[in-house]
Colleague: 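Quick one: this structure, given as structure tokens, is what I'll be asking you about.
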Amino acid sequence: MGQLVVLPHAAWLLSHLTEATSGTISKMNIQPENGLVKGLLRLLEGVVPSTLLLWALFALWAFRSAWWQRPLAPVSPPMHRVFVRYLGLVLLALAGMVVFAGVSNFKGRWILPLLCMAPLAAFSARPELQHHPRARRYTIAVATMAVILLVAAGIRPWFSGLRGEVDELNHPSIELADALRAAGYDGTSPIVASDHMLAGMLRVRFPDALVDACAPGEDEIPTCVADHLRRSVQRGQGLLLISRTDYVPSSWWDQAQARIAPRALQSIHLPFHMVRAGTPQAHYEYIWSPRGTQP
């Protein structure tokens, strides 16, 4: 059953490897010549403060000196060796990315999935801690932090709005979809967005449409748009091009129409959600070409 769930995603990843990895690779800030020290420091920052530090503080607070008492045998010595070897291989691979590939930037959210089993490895070596009189404190601390993180993620749009810094979650996706339908979009023709966030937002609102992004720095925008136009004509469908002005530079449209017949841009202005009074509205620009009218 697990393979049935994973295989379609794996097949898509293998057939779209460049699109799936180009964004992350650009964020790694690869600097083969002078990024060694910076990369090692960022790796240390990503491993310790972002992933292990909080758990270690909770464990020390709950169990104190019990960590340094003579331990019992691991609950499962073979499994504990697997944990240790896994962690060693992961850390060696990350260090190799710095030394041999020049990666100089790591984000905690990249490393966290790789090291999330570190607490399990530690407790497998200290099975007696499950009967420690202060074990309940550790459980309460971890559960409390999980609730805090979930709540913080949920109220993120409100915090962004109060600060006057519009977040991606503040965009009015439902209203934008309604405005596009009112402008004539049929809900099934391909959509080409100027960035992945906008593409993902419209993919949710128009599940029957093929949605893609021709993003600056990742694609040759004129070729990307022209290819989508050609395929939409072959399928007998229309084509919707759309951008958001708070993220993509105005030059995107010059490139998007470089290999197609230029058409006048249409605009949609909508208020952001959960923002303070006086915040400028969201501004979207689009070109909708119904079936049979594409340039």
Side-chain angles (χ1 to χ4, degrees), residues 3-26 168-169 171-270 282-295:
Q3 290 181 351
L4 291 177
V5 173
V6 173
L7 281 177
H9 300 279
W12 182 91
L13 177 63
L14 291 175
S15 61
H16 298 78
L17 193 59
T18 301
E19 296 92 330
T21 59
S22 58
T24 300
I25 290 175
S26 65
E168 293 175 345
L169 297 177
H171 277 265
S173 61
I174 297 176
E175 292 84 350
L176 176 60
D178 291 341
L180 290 172
R181 289 191 183 95
Y185 176 62
D186 57 17
T188 59
S189 292
I191 301 173
V192 176
S194 58
D195 66 278
H196 294 285
M197 191 287 292
L198 183 57
M201 185 172 72
L202 293 176
R203 180 69 180 88
V204 174
R205 302 265 62 94
F206 299 109
D208 295 327
L210 174 65
V211 185
D212 198 1
C214 295
E218 299 180 16
D219 305 284
E220 186 181 350
I221 295 174
T223 301
C224 180
V225 172
D227 287 345
H228 280 288
L229 176 61
R230 175 178 51 81
R231 287 193 291 267
S232 70
V233 171
Q234 291 174 348
R235 298 184 185 120
Q237 295 179 301
L239 181 68
L240 174 66
L241 304 177
I242 186 168
S243 71
R244 55 183 178 123
T245 58
D246 66 317
Y247 183 78
V248 174
S250 58
S251 60
W252 185 85
W253 280 106
D254 296 331
Q255 299 180 63
Q257 300 196 79
R259 296 187 182 178
I260 64 176
R263 300 183 65 172
L265 299 181
Q266 305 295 319
S267 294
I268 296 175
H269 293 83
L270 297 168
H283 180 198
Y284 307 95
E285 294 180 324
Y286 71 96
I287 294 176
W288 162 235
S289 301
R291 180 178 61 181
T293 65
Q294 293 96 327

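Residue numbers count from 1 along this sequence. In this text, all values refer to a predicted model and were calculated from it rather than measured experimentally.
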Colleague: Test your reading of the model: is there a side-chain donor-acceptor pair from Thr245 to the backbone of His283, 3.5 Å cut-off?
Modeller: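 Looks like yes, one N/O pair under 3.5 Å.
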Colleague: Hey, does Leu198 have a side-chain heavy atom less than 4.5 Å from the side chain of Tyr247?
Modeller: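 Counting from C-beta outward, Tyr247 and Leu198 never come under 4.5 Å.
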Colleague: Return the CD1 to CH2 distance between Ile221 and Trp253, rounded to the nearest 0.5 Å.
Modeller: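 It is 11.0 Å, given to the nearest 0.5 Å.
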Colleague: Take Asp212 and His228 through the side chain to side chain contact (heavy atoms under 4.5 Å, CB included) test and state the conclusion after the steps.
Modeller: CA-CA 9 Å; Asp212 198 1; His228 280 288; 3.0 Å; yes
Colleague: Is any side-chain heavy atom of Leu202 closer than 4.5 Å to a side-chain heavy atom of Leu180?
Modeller: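 Touching, per the 4.5 Å side-chain cut-off.
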Colleague: For the residue pair Ala193 and Ala199, what are the closest heavy atoms and their distance?
Modeller: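 So the minimum-distance heavy-atom pair works out to CB-N, 3.7 Å.
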Colleague: Before giving the answer on side chain to side chain contact (heavy atoms under 4.5 Å, CB included), spell out for Leu210 and Arg235 the whole-Å C-alpha distance, their side-chain angles and the decisive distance to 0.1 Å.
Modeller: CA-CA 12 Å; Leu210 174 65; Arg235 298 184 185 120; 3.8 Å; yes
Colleague: Please check this pair: side chain of Trp288 against backbone of Gly184, looking for a donor-acceptor N/O pair closer than 3.5 Å.
Modeller: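 Looks like yes, one N/O pair under 3.5 Å.
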Colleague: First locate atom CD of Gln237, then atom OG of Ser232, and finally report the distance between them rounded to the nearest 0.5 Å.
Modeller: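 Rounded to the nearest 0.5 Å, the CD-OG separation comes out at 7.0 Å.
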Colleague: Looking at Ile287 and Arg263, what are the two nearest heavy atoms and their distance?
Modeller: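 In terms of heavy atoms, the two residues are closest at CD1-O, 3.7 Å.
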Colleague: Are the side chains of Arg231 and Pro190 in touch, meaning some heavy atoms are under 4.5 Å apart?
Modeller: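 No; the side chains remain at least 4.5 Å from each other.
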Colleague: Using the benzene-type ring in the case of Trp, are the ring centres of Tyr185 and Phe206 under 6.0 Å apart?
Modeller: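 That pair passes the under 6.0 Å test.
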Colleague: Before giving the answer on side chain to side chain contact (heavy atoms under 4.5 Å, CB included), spell out for Leu241 and Ile260 the whole-Å C-alpha distance, their side-chain angles and the decisive distance to 0.1 Å.
Modeller: CA-CA 12 Å; Leu241 304 177; Ile260 64 176; 4.1 Å; yes
Colleague: Which value, rounded to the nearest 0.5 Å, describes the distance between Ser243 atom OG and Tyr286 atom OH?
Modeller: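 Going from the OG atom of Ser243 to the OH atom of Tyr286 covers 12.0 Å.
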Colleague: Report the distance from atom CZ of Arg244 to atom NE2 of His171, rounding to the nearest 0.5 Å.
Modeller: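 Interatomic distance, Arg244 CZ to His171 NE2, rounded to 0.5 Å: 4.5 Å.
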Colleague: I need the Glu175 CD to Arg205 CZ distance, nearest 0.5 Å.
Modeller: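 Going from the CD atom of Glu175 to the CZ atom of Arg205 covers 9.0 Å.
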Colleague: Under the side chain to side chain contact (heavy atoms under 4.5 Å, CB included) criterion, do Gln257 and Leu265 qualify, and how do the steps go?
Modeller: CA-CA 11 Å; Gln257 300 196 79; Leu265 299 181; 4.1 Å; yes
Colleague: Which heavy atom in Val192 sits nearest to a heavy atom in Cys214, and how many Å separate them?
Modeller: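 Nearest heavy atoms, Val192 then Cys214: CG1-SG, 3.5 Å.
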Colleague: Quick check for you: to the nearest 0.5 Å, what is the distance between Leu270 atom CG and Ile174 atom CD1?
Modeller: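 Rounded to the nearest 0.5 Å, the CG-CD1 separation comes out at 12.0 Å.
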Colleague: State, without any angle test, whether Thr223 and Arg259 hold a side-chain donor-acceptor pair at a distance under 3.5 Å.
Modeller: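 Indeed, the side chains of Thr223 and Arg259 share at least one donor-acceptor pair under 3.5 Å.
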